[in-house]
> 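Structure provided below as structure tokens; questions to follow.
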Amino acid sequence: MYNEKVLKIFENPKNAGLLKGANGVGKVGNMQCGDVMKVYVLVEHDKIKDAKFKTFGCVSAIASSDVACEMIKGKHLDDALKVTNKDVMEALGGLPPQKVHCSVLAQEAIEAAITDYKKSTEKKKK
Amino acid sequence: MIKKSVYLDNAATTYVAGEVLQAMLPYFTTEFGNASSVHSFGRSAEKALATAREQIAKTINARPEEIYFTSGATESNNWILRSAIQNHPSKRIIISATEHPSILDTCDMLAKQGYKIDYVKVDRDGVINVADLISKLARPAAIVSIMTANNEVGTIQYLNTIANLCHERGVLFHTDATQAISRVFIDVNEMKIDALSMSAHKIYGPKGIGALYIKSGVKVNKFIRGGHQERNLRAGTVNVPGVVGFGVAAAIAMRDSTINNSRIKSLRDYMINQIETRIPDVHLNGHRHQRLANNVNFSFRGVEGESLLTLLDFAGIAASTGSACTSATLGRSHVLTAMGVMDELINGSIRFSLGRATTKADIDYVVGELEKSVKKLRSISAI
């Protein structure tokens with residue numbers, strides 16, 4: 001069902017686990033649909049210094065989480081927000097049609113993490 | 001180094017036993033006749049069908065003339081439901097929500113045509129709620145169809161009780177015994193079963209061949225048109241090598257059932273015990289004792305089934321999430337849903353189905369890999 005690339009990333013994800021000092025976290029998905037994705041970001045001067053994930057889900061959900069984290073690392077927040085599910089799909093070399101929603105979930109997780117960071121910094125300013 | 005490989009998906013399909021294949025081979029080459037032909041080639045094939053029909057009938061104590069060959073249990077299930085509803089004034093069918101998709105899909109289609117489908121409740125272990133069945137039987141129904149043993153969680157139903165209740169009320173009773181043949185005692189006469197579906201490839205026979213048992217006297221409609229085969233009810237040249245293989249597979253399965261079942265059952269209990277001892281936070285799906293000798297089905301909290309299955313596959317282990325028929329789709333297990341299992345446990349269920357070739361060393365290897373894989377996935381899980 002999956003291509004070699006997806007399986008390889010799933011087997012050895014680079015960005016799995018907790019992120020120390022994370023200042024933004026986005027949680028998307030739910031147990032009904034079978035996938036829950038959490039993306040943690042460490043933002044410094046509007047740049048994503050590091051990103052990690054924790055995901056309950058299928059092979060493509062885990063692989064999507066990993067490439068999403070990889071893609072936003074080092075990016076300015078505005079650029080990170082431009083990462084789409086298509087980019088995630090491309091980085092994975094494609095996903096089976098019934099699994100495309102996993103890449104959408106990854107895009108949403110990035111957005112949620114950045115939104116969370118912005119909210120918490122705004123609070124601090126206040 | 002030879003990569004280790006352990007096949008624990010025998011409920012999806014089994015290999016073809018050597019004796020079975022040997023018995024089949026001549027019917028591809030020298031004994032290739034069409035069983036409907038009048039010449040010696042045809043007669044040889046016809047004779048082979050008769051022998052096989054007898055071997056298959058014996059597995060459930062039916063008479064050979066009550067056995068109709070089909071392409072498998074899926075076809076048998078389609079046939080009996082469509083036929084029963086057409087032959088009865090009642091527009092109602094009673095099934096359980098944990099039936100195989102071939103029953104559920106057929107019922108969905110019949111529901112769209114205006115028939116009424118009633119689902120009998122099951123308890124947390126997947127056992128039919130008899131009180132609910134009794135209340136549903138208060139009104140007329142064309143047929144009740146309840147599987148003998150569940151393909152996903154292995155729960156064995158109290159078939160005797162269910163069949164009796166139907167019989168007392170004059171309602172046709174059908175059971176899908178695909179997983180149960182040679183693993184659960186079935187006597188269609190003693191148990192008053194009117195119709196029963198089975199497949200060869202779950203008992204070390206070939207794929208693409210199965211049977212429908214229909215009790216003498218029960219009216220059944222023609223299912224496939226265009227020939228007089230199978231007493232004019234199911235047209236099409238009979239798959240003679242398949243039927244021969246099915247017959248031999250059935251005979252061997254019955255001959256060795258006691259020894260196979262007791263050996264496999266003790267491996268099953270060993271595996272359940274090992275998993276529960278070595279891996280925290282696991283949930284055994286299905287009835288602990290009233291279950292198929294070869295079925296182990298667990299949910300691992302915080303772990304999603306497909307991911308776990310894939311890690312096991314990397315280690316050469318073949319298992320399954322849900323049933324083979326549903327795991328290719330995104331659908332959640334309808335069986336676990338009907339049993340009221342929590343969402344996060346439904347998404348993390350894995351079925352291991354043991355077989356004749358399974359050894360204790362296999363189980364030790366699988367449990368070891370399972371422990372590692374569950375740990376790995378839990379360490380990166382969001383819940």
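First the proteins, then the strands, lettered A, B, ... as listed; each starts at 1.
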> Kindly indicate, with the supporting measurements, whether the criterion side-chain contact (heavy atoms from CB on, under 4.5 Å) is fulfilled by I62(A) and L377(B).
CA-CA 10 Å; I62(A) 290 172; L377(B) 290 172; 4.0 Å; yes
> So what's closer than 4.5 Å to chain B heavy atoms on L18(A): side chain, backbone, both or neither?
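Neither part.
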> Could you check whether atom NZ of K136(B) has more than 12 heavy atoms from other residues, nucleotides or ligands sitting under 6.0 Å from it?
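Result for NZ/K136(B): enclosed.
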> Would one find more than 12 heavy atoms of other residues, nucleotides or ligands at under 6.0 Å from atom CZ of R124(B)?
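At most 12 heavy atoms, drawn from other residues, nucleotides or ligands, come within 6.0 Å of this atom.
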> State the CD1-NZ distance between I383(B) and K27(A), to the nearest 0.5 angstrom.
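Interatomic distance, I383(B) CD1 to K27(A) NZ, rounded to 0.5 Å: 8.0 Å.
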> With side-chain hydrogen bond (donor to acceptor under 3.5 Å, both in side chains) as the rule and sequence neighbours excluded, what pairs involving residues 374-383 of chain B come up?
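Residue pairs passing side-chain hydrogen bond (donor to acceptor under 3.5 Å, both in side chains), neighbours aside: none found.
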> On a heavy-atom basis, which atom in A382(B) and which in V36(A) lie closest, and how many Å separate them?
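Result for this residue pair: CB-O, 3.5 Å.
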> S307(B) and G57(A): which non-hydrogen atoms are nearest, and at how many Å?
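Taking every non-hydrogen atom into account, OG-O, 2.6 Å.
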> So which heavy atom on E304(B) is nearest to which on F56(A), and how close?
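Closest heavy-atom pair between E304(B) and F56(A): N-CE1, 3.5 Å.
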> Report the distance from atom OH of Y2(A) to atom OG1 of T310(B), rounding to the nearest 0.5 Å.
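Y2(A) OH to T310(B) OG1: 6.5 Å, rounded to 0.5 Å.
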> Test of understanding: with ring-ring contact (aromatic ring centres under 6.0 Å, His included), list the residues that count as partners of Y15(B), not counting sequence neighbours.
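Y15(B) satisfies ring-ring contact (aromatic ring centres under 6.0 Å, His included) with Y204(B) once adjacent residues are dropped.
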> Quick check on Q113(B): does its CD atom have over 12 non-hydrogen neighbours (other residues, nucleotides or ligands) under 6.0 Å away?
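Count over threshold, so yes.
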